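Each ligand, and each atom within it, is numbered from 1 in the order the structure gives. Computed from a predicted structure; not experimentally measured.
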Amino acid sequence: MFYHLLYPLHEWHVFFNVFRYITFRTIYAIVTAGLLVYFLMPPFIRYIKRRQFGQVIREIGPDHQHKAGTPTMGGVVIIFSVLVAVLLWGNLTNLYLWLTIGIFLVFGIIGLLDDWYKVTRKRPLGLTGRQKLLLQALAAIVFLALALKFGTFDTRLSVPFFKEFRPDLGLLYFPFTVLVIVGASNAVNLTDGLDGLAIGPFIVVAGVYMLFVYLAGHAKLASYLHIPYVPGSGELCVFCGALLGAGLGFLWYNAYPAEIFMGDVGSLSLGASLGALAVLSKQELLLVLAGGIFVAEALSVMLQVVYFRLTGGKRVFLMAPLHHHFEKKGWPEPKIIVRFWIISAFLGLLAISTLKLR
Ligand code: 57M
């Protein structure tokens, strides 16, 4: 809104020229989203407590009973704050901004349904896991179809470290995009099992993609760095800023011992937004590196389930996802969380370093 209302005033006074710059608007999207979450979360926590929408803890697995009743669905405040920050600071004529917001919202609604059934009826979602995945896949397909139809977008895959090798996947890019977006969404969902464990790496990855979408949307910089130029993707920097700011604001309350959990409404929407950013910036495979913590958590579950079935009951890990394995080994929760953050920070730096390794 400010871009449309205030930038035109630069003809009257040069100061208003500042609203043209993506960097300036991104910084204030970070601040706006962060402050909104910081100030809105306490009343939201009181509301959740008043309605007794506390987390239901499952019997099996590491002892989390002391967490029973912790307010959840904090993702509602995250989503609201991100939307307000983007509406205030984004260029609202940008297609990719709306496509990413669309994915963000659809996955958030799916997660909210899941959370709502859990807290109100103390039972899993009315939608089965299969129905949830189908809805998510459909959203990802529509997202890509719109990007291809109305954006300057193609179906070539970019590979980190290789500047020339960009195979055109053609129609295979559709199932690939579903894999990236739905996979990222559910990987963050699985990771969100300890205080701050998901939001910490999320902030790192949002920061990495804030850089990559800025570079991808800048013709000269993209050419100099040999990365795909995606005209208009630079505006996604504002969205990344809102995500990062909201993530920092949420971490203030989700840090151990958590006052609130983000819920599926948060984990599914945040994860899907990372997938959408990876696709729109043409840095799809980079997400495996930058989001390595999420990948490790998801892979640990897949390995555990497959090995369990193949061996008739044996386990690779004491318990999956990976963070439960370390809990079972006796690591204190804060130690697991901070060590995962440290690894995530290094993976983020490695991801950025691929800019110079091609
Ligand atoms: C998402 N949800 C947390 C909270 C958060 C196939 C199987 C691997 C699925 C997996 C599963 O059910 N995952 C669901 C993880 C849950 O957190 C809620 O869910 C939202 C995120 N979606 O926002 O609302 C619990 O996590 C804890 N928590 C915190 N702090 C936070 O900031 O402490 C969450 C956020 C919360 C709270 O206790 O209740 C979760 O863990 O369910 N299943 C599992 O992860 C289970 N693993 C398992 O069964 N492993 C098996 C097989 C199937 C692989 C094995 O290893 O043999 C574990 N999860 C639980 N108990 N809760 C172990 C058993």
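Proximity of the aromatic rings of F104 and F239 is defined here by a centroid distance below 6.0 angstrom, and this criterion is met. For W89 and Y3, the distance between ring centers is not under 6.0 angstrom.
Counted within 6.0 Å of OH on Y28, heavy atoms from surrounding residues, nucleotides or ligands total 12 or fewer; the atom is thus considered open. Counted within 6.0 Å of CG on L5, heavy atoms from surrounding residues, nucleotides or ligands total more than 12; the atom is thus considered enclosed.
At a 3.5 angstrom cut-off on N or O pairs, L194 counts as close to ligand 1. In terms of polar-atom proximity, Q304 is counted as a contact of ligand 1, with an N or O under 3.5 Å from an N or O of the ligand. Among the atoms of G263, some N or O lies under 3.5 angstrom from an N or O of ligand 1.
When each atom of ligand 1 is checked for a heavy atom of D264 under 4.0 Å away, the hits are 19 (O), 20 (C), 21 (C), 22 (N). Atom numbering of ligand 1 starts at 1 in the shown order; those under 4.0 Å from a heavy atom of S267 are 21 (C), 22 (N). Within ligand 1, the atoms closer than 4.0 Å to a non-hydrogen atom of M262 are 23 (O), numbered from 1 in the order shown. Annotation for ligand 1: atoms under 4.0 Å from non-hydrogen atoms of M319 are 56 (O), 63 (C).
Membership of the apolar cluster around L310 extends to V306, as traced through chained side-chain contacts below 4.5 Å between ILVMFWY residues.
Comparing N254, T70, I337 against atom 32 (O) of ligand 1, the shortest heavy-atom distance belongs to N254. Selection from T72, D192, L322 by nearest heavy atom to atom 2 (N) of ligand 1 gives D192. Scanning D195, N189, D115 for the heavy atom closest to atom 1 (C) of ligand 1 points to N189. Taking each of L251, V265, V306, V301 in turn, the one with a heavy atom nearest to atom 6 (C) of ligand 1 proves to be V301.
Among residues two or more places apart in sequence or in another chain, the ring pair (Phe, Tyr, Trp, His ring centres under 6.0 Å) test is passed with H226 by none.
Checked by atom type and distance alone, the side chain of S344 never pairs as donor or acceptor with a backbone atom of F340 at under 3.5 Å.
At a heavy-atom cutoff of 4.0 Å, ligand 1 is contacted by both the backbone and the side chain of A320.
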Do Y21 and R25 pass the side-chain hydrogen bond (donor to acceptor under 3.5 Å, both in side chains) test, and can you show the C-alpha distance, the side-chain angles, and the key distance before you say yes or no? CA-CA 6 Å; Y21 298 116; R25 290 187 285 117; over 6 Å; no
